[in-house]
Asker: 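Okay, here's the structure, questions in a sec.
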There are 2 protein chains.
Amino acid sequence: MKEKKEDRRISRTRKLMLDALMSLIVERSYENITVQDIIDRADVGRSTFYAHYRDKDDLLLSWFEHLRNLFEQQQQELRAARETGRDTEFNIVLELFLHTGRHHRLYKAVAGKQSGEMILRYLHRYLSGLLTPVMEDVVRNRKTRPVPVEITVHHLVSSLLSLMTWWLDRNMPYPPEKMEEIFRTLNRPGIEASLGNDIKNESRQVMADDRNDAGPMGFYSLFAAPFCCP
Amino acid sequence: MKEKKEDRRISRTRKLMLDALMSLIVERSYENITVQDIIDRADVGRSTFYAHYRDKDDLLLSWFEHLRNLFEQQQQELRAARETGRDTEFNIVLELFLHTGRHHRLYKAVAGKQSGEMILRYLHRYLSGLLTPVMEDVVRNRKTRPVPVEITVHHLVSSLLSLMTWWLDRNMPYPPEKMEEIFRTLNRPGIEASLGNDIKNESRQVMADDRNDAGPMGFYSLFAAPFCCP
DNA sequence: CATATAGTCGAACACAATGTTCAATTATAA
DNA sequence: TTATAATTGAACATTGTGTTCGACTATATG
């Protein structure tokens, strides 16, 4: 099933450079890594690097796209499992914390304190893309709209990323589940309010009431787990 | 009352370089400005620049400290006015939006999409410093603490900065008052929940119930204006 | 006004990194 | 086996950084 078009040398070189970047990235901050460092460690020619990537960022970005594919694939599998009758409760925020935790060394190096803006912007864009249709769908039934959907989404994504970086910067002092709970505590009530009152029952509006409207990404529910004030 | 110790040449040179940076910063993004550009426009010697600042960031930071002093001074005046009997309702978030709006060209260039991480980090630290004692004070009366105060503060500051940058990036499509309202709608309920239930009445706990505990910065109230769901 | 002081100038320097080019070499697919 | 495509490595022009130093000049101060 694999597309085997690629010259073996290409994959080899690419892998070498990616590995070099990864091993460098856990040693010092991304900003302080030069193309020179990368090609030194990868042991490839300077011109080779530029034959593949425009610059350092391009290389990193290609790696993130790889990771994103991995993540999306896993989500698809979860979704599939769920559809075949398993009771997998789907919670995208939790999944994100789990995923980040799994790759924490990379994300810490790149999205933490030391980070360049680039990756955070990339993630922001990506997550906003995921969230926007969901939110717009939710808001369709609402009569009032106290806060523009665009802002709500922006806020939610920023909050998630800010919690993520906090978590990473402090070496993940809580488990992903706890972080997801905190995220929910902080944001759920405000999101409710920001989306406006509506036709149906007052609370648990953001929850996926029924299990259709899967959204573009198998994105069932933003606040899937039950919420309760202790 | 002024300390007139400084050599006139020093202030002159400093001003030249600051002006140069400012005028450059509205033309292109901060990242793409070099020390060379600055000294060219300021028309000062290369060595002069390094005699005053360690690097580009140092120069920008010194300017932000200037701005911060300005802001704090204004807040002090407001506070004073309030204490002398005026009915100035004090709302720090609104004040911040007003301040940012006033200096929007600078902040846009520096804290917007194009920004380097640096200034956002600086602001984050600064605002967290303002907020932490307030939050810790609020939480003192609470029995439960669903979310660590540190995270609540982090979340709140991130949210504020994210709204700010959104606002700036889109050329301030709403007035500061509206943005403050949005901030409140999005965050107030979640903050309530995150700080836990307590002894007193259920709602409006974050509001400054009485007007003592001014905090370090004349920081009377985070959500001073009345909150209502429409 | 005189003068020591302290700030500024500007040119030169060493250094580090970028991104391009090209002919020679080598691995690969077919 | 061989045509093709990838890699190499060295050289190069370019841009920016941060430092140094002697010469110059504005300034504060007596």
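Note that the structure is predicted; figures quoted are calculated from it, not measured. A note on names: the letters A, B, ... follow the listed sequences, proteins ahead of strands, and every chain is numbered from 1.
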Asker: Check whether any side-chain heavy atom of B:Leu96 lies under 4.5 Å from a side-chain heavy atom of B:Met164, and answer yes or no.
Answerer: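 The answer is yes; the side chains approach within 4.5 Å.
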
Asker: Do B:His52 and B:Thr13 have side-chain atoms, one donor and one acceptor, less than 3.5 Å apart?
Answerer: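 No - no donor-acceptor pair under 3.5 Å links their side chains.
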
Asker: Using whole Å, report how far CD of B:Gln36 lies from C1' of D:dG18.
Answerer: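 That distance rounds to 12 Å.
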
Asker: Looking at B:Thr132 and B:Gly129, would you say the former's side chain and the latter's main chain have a donor-acceptor pair under 3.5 Å?
Answerer: no

Asker: Taking atom NZ as the centre, does A:Lys15 end up with more than 12 heavy-atom neighbours from other residues, nucleotides or ligands that are less than 6.0 angstrom away?
Answerer: no

Asker: For residues A:Asp57 and A:Tyr30, is any side-chain donor paired with an opposing acceptor at under 3.5 Å?
Answerer: yes

Asker: State whether the side chain of A:Lys56 and the backbone N or O of A:Thr34 hold a donor-acceptor pair below 3.5 Å, judged by distance alone.
Answerer: no

Asker: Rounding to an integer number of Å, can you tell me how far A:Ile10 CD1 sits from D:dT8 P?
Answerer: 12 Å

Asker: I need the CZ-P distance between A:Phe49 and C:dG19, as an integer number of Å.
Answerer: 8 Å

Asker: Quick one: is D:dT7 close enough that its OP1 or OP2 comes under 4.0 Å of any side-chain N or O from A:Thr13?
Answerer: yes

Asker: Compare side-chain N and O positions of B:Tyr50 against OP1 and OP2 of D:dG18 and report whether any pair is under 4.0 Å apart.
Answerer: yes

Asker: Classify the nucleic acid contact of B:Thr34 as base, sugar-phosphate or nothing, counting any heavy atom under 4.0 Å across all strands shown.
Answerer: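 It contacts sugar-phosphate atoms only.
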
Asker: Would you mind reading off the bend of the helix from C:dC1-D:dG30 to C:dA30-D:dT1 from its two end axes, five pairs each, to 10 degrees?
Answerer: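 Rounded to the nearest 10 degrees, the bend comes out at 30°.
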
Asker: Answer yes or no: is there a donor N or O on one side and an acceptor on the other, between the side chain of B:His154 and the main chain of A:Ser162, under 3.5 Å?
Answerer: yes

Asker: Rounding to an integer number of Å, can you tell me how far A:Asp55 CG sits from C:dG19 C1'?
Answerer: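 Answer to the nearest Å: 10 Å.
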
Asker: For nucleotides 26-30 of chain C, give me every protein contact, N/O to N/O, under 3.5 Å, one pair per line with atom names.
Answerer:
residue	atom	partner	partner atom	Å
C:dA27	N3	A:Arg9	NH1	3.1
C:dA29	OP2	A:Arg8	NH2	3.3

Asker: Checking side-chain polar atoms at under 3.5 Å, does A:Asp40 have a donor or acceptor matched by the opposite partner on A:Gln36?
Answerer: yes

Asker: Between A:Met22 and A:Met17, is there a side-chain heavy-atom distance shorter than 4.5 Å?
Answerer: no

Asker: Scan residues 37-46 of chain A against DNA chain C and write down, sorted by residue number, each residue with any heavy atom closer than 4.0 Å; if none is found, say none.
Answerer: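 A:Arg46, in order of number.
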
Asker: Whole Å only: how far is the NZ atom of B:Lys56 from the P atom of D:dG16?
Answerer: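 Value for this atom pair: 11 Å.
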
Asker: Do we get B:Arg68 above B:Tyr122's six-membered ring, with its NZ or CZ under 6.0 Å from the centre and within 45° of the axis?
Answerer: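 So B:Arg68 doesn't make the cation-pi contact.
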
Asker: Verify the contact: side-chain N or O of B:Thr48 to OP1 or OP2 of C:dC9, cut-off strictly under 4.0 Å; return yes or no.
Answerer: yes

Asker: Run the ring-centre check on B:Phe183 versus A:His155 and record whether the distance is less than 6.0 Å.
Answerer: no

